[in-house]
Amino acid sequence: MKFPISFILGFFLSLIFFVITMISFFWVPYDVETLNIANRLKEPSFENLLGTDHFGRDIFSMIMIGGQTSLSVALIAVGLGLIFGVPLGLISASLRGSLIDDIIMRGNDLIFAFPSLVIAILITAVFGPSALNAIIAIGIFNIPVFARVTRGAAISIWTLDFISSARIAGKGSFRISLEHILPNILNLLIVQGSIQFSLGILAEAGLSYVGLGVQPPTPSWGRMLADSQTMISFAPNLALFPGITIILAVLGLNLLGDGTRDLIDPRSQDKIK
Amino acid sequence: MSILSIKDFNLYIREKQILHDISFDLNQGEVLGIAGESGSGKSLTALSILNLLPNYSRKAGYIYFDDKCISNLNDKEMCKIRGKDISLIFQEPMTALNPLKTIKEQVAEPLLIHGNCSMKKSLDIATYYLEKVELPKTITSNNSYPHELSGGQQQRVLIAKSLVLNPRIIIADEPTTSLDVTTQKGILDLLKNLVYQKGISLLLITHDLAVLAQCADRVAIMQSGEILEIGNLEKVFKTKKHPYTRKLLNSVNYSPIKKDTKSKKVLLSVKSLTTSYYNSKSLFLKKENKSKILNDISFKIYEGEILGVVGESGSGKSTLVKTILGLQNIEKGEILIKNRKIEANKFNDLKIRSMMQVVFQDPYGSFNPRHRIRRLIAEPFFLLNTVLTKKDIDEKVYLALEEVGLSPSDSNKFIHEFSGGQRQRIAIARALITKPKLIILDEAVSSLDVSIKAQILDLLVELANKHTLTYLFVSHDLSVVQNIANRVIVIRKGEIVEEGKAKHVLSNPEDSYTKTLVEAIPTISKKLLNGGQIAN
Amino acid sequence: MIEIIPGDPASFMLGINAEPDTVHALKKELGLDVSKFERYYNWITGMFIGDFGVSYTYRVPVSELVMARIGVSVPLALYAIFLSTLIAIPIGIFSASNHGSFKDWSFMGFTQLGIAIPNFWFAMVLVLIFSIYLKWFSAGGIPGWDKGFLINLKALTLPAFALALPQASILARIMRSALIETLSQDYFRTARASGLTFFQAVEKHAFRNALIPVLTIIGLQFSFLIAGAIIIENVFFLPGIGRLIFQGIIQRDLIVVESVVMLLVFSVIIVNFLVDMAYLYVDPRLRVKK
């Protein structure tokens, strides 16, 4: 099997992101909770790989720990989307054209009109900012995304003859959804999952940047960028490194998703020119 | 005089050779037919002439048009020939027209591109040609869009489009394959007449030898990228020089020997069945647009017989199949199998379900691509109350595979490893495994090539004789039904128009629609088939 | 939703030491003296006639606050949509017509990057380069529309560009795949067979057909655009709807937050309705036959 370049690149970028984040649970080069003003705003060096911030904290260590926030928020948010969205989509598809399908899909449209930032704003307005807030906001927004993808793909499978054979073999909608529909749309869900995962990282960064996500002192990439903004003219490193980290993580996951899709569905390139 | 001449033409796609040393001439005003099964390279031959080849293709050899070599022209120079001197008609009229533009705009387009013609004048010429292809006034005088037309009408539009610039050659690639047989006859007659009137040369590409027998002056037989023989229609068909030609011609009108059943025991009876289709399923709109698909249909199937159901697209035959299988609601009437009532979407009555199995048309969509053959074939065991051990299941699956001419070792493979004909064999194995009383064959051989079709028909009849099976054989193709069925039902717009013994209905139809249907079937006359050495 | 929030806005506004009488008077002024249900009903019905209620902190009707800021947010959104379409469509066409080539591949690489870049970070980089080093643009703020059109347009250029980048990347990818899909359609082949050159055929038979999925995405992306605009306005200190929301959150001016959110959601619904209307224009199959 020939792997697309996007898959290989995406796989390795994502792998690096996961490994570094996992390491940070056990070990980081420097403690990020103690401040060391004397050591502030250092340029990158062997001691501090990416330099230090205005409180003298090691930027590389902060990025490592910030990965925990991004990873957990995005992962739980995708999980929420999958847990609620996929069954809704499967139900909708198995009852396509019915009242229940209509209600589910219109409900989806309604939620879809609220971007995750807007949901986050509403939740913050009520409960105050927190990491949980970001998870819920991004997770809620993921539900209609997965429901739509699931429903669309499931409906196209429902029209195939092998589903009719299964029904003739006496299997009910629930069993068919589980046995025949889900395995055949799984790869699509994996692709969408990795894309939503990357969008989750972006959204979390955005929410933390405007102060609606994780609260200090917990490091997060979005917060690091927000803190760096006032110092951008004399300490551009502070903004540069967390930004590049976000880009690489998101890029990696997107490429992985796209590459997986190409791997699964190698569309013929023999087109008339 | 030859107007188009192809010499030693070879085509490679991704360095795989597709066409091997193709050479033929097309003479002024003649109809040359190219026949071949899928994968024979006949369509790519057509595309090669206009140089509309896929990316990554490489060609060698010469194509002369009017004694001028056109195989080495660049795209810009080819554009001057395409549509003006040589025009092309494709197989799928439904998708060959741009859905967003009016048919008149599309017919007028070649005039605007090639003809230095004003917009108004080109639209007038387009209207003239649309009338010439015998489209009704309501379509020609309005600004109709493609979706408002039937498939046959869309193909007429495409013929009009190919004619507007008075080309010297028309290449028609399977122009009637996706159309109903009665529509096909109209299109072929139209094409033939227009070509003769204007002295245009026609290159007609088709898999259907009977179509060629009706229209072509000369024929070429192609197989895996090679022209096996080419010559005068009568000569090729009569002498059957090449064994492949002989095989193809024998497959046409292939009729396996089946036993006539004497049984008068009713297996399935359909009583005044009516179902409707609702146009609107929206939450807010009332279900008003109701149109009847099946209207008061009654018939019986006797044990051990093969009942053919024939109908064109939109006749309601697929709805009939779905209703019998319990996949669609019954509005009025009832269906009884062995005196037990079939109720729609009631899947808990396994007794009834285990009496029926089905083989569908599409050999690609009929199987879950993620399951192995063993699991696919064993799925109907779900219907049985008895719990089977893994060993029992394996044995039964192996037996079924052997019965359909496959080997037990195939049970570990996935479905994509099999060809279309093999897939239909697997579908038959799946249908057989629970030893049902009735097997419904829903266009089961329609998508297969003619030689494969004959093999599958053979298998079906052999199994029917061996296990005294009952078939409901549903098809749009009268010529296949007449060769396999004992009795035939002809349905049209949801009603049965004729019913009777297969031989009788088809040789001596009483209903006027059945008559048109029978007359429209392209046939190869006995004289042509048996002229030379009789190959039996 | 206001009801679940701890603390009474009226007490909050006047401070802890306020006299109960004063609080009561203020409550009456704000319409808080009636039952919760009635207040909610008044708020909902009021919205339909453009009355969103009165801001607790500014003491002016919310509709006035919104109107004052809409002059920044709407031009910013339109400018961003304009820029993203302007960038995306040529890239999409170019990539699709060179499908599979190195040029296509590198353009698609850039769009992947465009999607991955957080727009607020991109905004910061733009400020760093164009405002701090090159000093071509100001780092934020907007002079106001009474000062002339072009000067405001210039002030909105960096924010609009930051906002447009991810949108343009997504649109270019959609445009490309929609075009590639159309290029494999039979009617495209018909067009080529009747003598149209590749680009004539793209212009006459592929572009409009490919526009349908692109329209869908423009509609769906609109809500992302709004979310992006809220953040970008904060990066560039633009006095728009986004700033209004954040000031509202900080000052616990919840009627402002809720009203503006409802307004945003409403505008998303309106835009999607307009997209549906646009389908009818593009695709004759959807026009209802009589």
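Each chain gets a letter, A, B and so on, in the order the sequences are listed, and its residues count up from 1. Hydrogens, waters and symmetry mates play no part in the numbers below; they use all other heavy atoms, side chains included.
- Taking every heavy atom of both residues into account, Pro118(C) and Ile247(A) meet most closely at CD-CG1, 3.9 Å.
- Using a 4.5 Å cut-off between heavy atoms, Leu212(A) touches chain C through its side chain atoms alone.
- Interface remark: Asp258(A) contributes side-chain atoms only to the contact with chain C (heavy atom separation under 4.5 Å).
- Neither the backbone nor the side chain of Leu248(A) comes within contact range of chain C, judged by heavy atoms closer than 4.5 Å.
- When atom types are taken as modelled, the side chain of Trp121(C) and the backbone of Leu225(A) share no donor-acceptor pair closer than 3.5 angstrom.
- Considering CG of Leu110(A) and CD1 of Ile269(C), their distance stands at 6.0 Å, rounded to 0.5 Å.
- Ranked by heavy-atom pairs under 4.5 Å with chain A, the list Ile226(C), Val271(C), Val261(C), Asn234(C) is led by Val261(C).
- The 12-atom threshold is not exceeded at CZ of Phe273(C), counting heavy atoms of other residues, nucleotides or ligands nearer than 6.0 Å.
- To the nearest 0.5 angstrom, Asn254(A) atom CG is 10.5 Å from Leu113(C) atom CG.
- Here Ser6(A) contributes atom OG and Met108(C) contributes atom CE; the two are 12.5 Å apart, rounded to the nearest 0.5 Å.
- Contact annotation for Phe246(C): only side-chain heavy atoms (C-beta onward) come within less than 4.5 Å of a heavy atom of chain A.
- When Ile231(C), Val268(C), Ile230(C), Val257(C) are compared by the number of non-hydrogen pairs under 4.5 Å with chain A, Ile231(C) comes out ahead.
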| field | Intermediate values then yes/no, side chain to side chain contact (heavy atoms under 4.5 Å, CB included), Val235(C) and Tyr209(A) | value | CA-CA 10 Å; Val235(C) 180; Tyr209(A) 172 77; 3.1 Å; yes
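- When heavy atoms are compared at a cutoff of 4.5 Å, Ile117(C) approaches chain A by way of both its backbone and its side chain.
- Under a cut-off of 6.0 angstrom, the local environment of CZ in Phe94(C) is crowded, with over 12 non-hydrogen atoms contributed by other residues, nucleotides or ligands.
- Applying the 6.0 Å contact sphere to CZ of Phe17(A) captures more than 12 heavy atoms from other residues, nucleotides or ligands.
- With chain C as the partner, the residue from Pro242(A), Gly252(A), Ala205(A) showing the most heavy-atom pairs under 4.5 Å is Ala205(A).
- Annotation: Tyr279(C), atom OH; neighbour count of heavy atoms from other residues, nucleotides and ligands within 6.0 Å is above 12.
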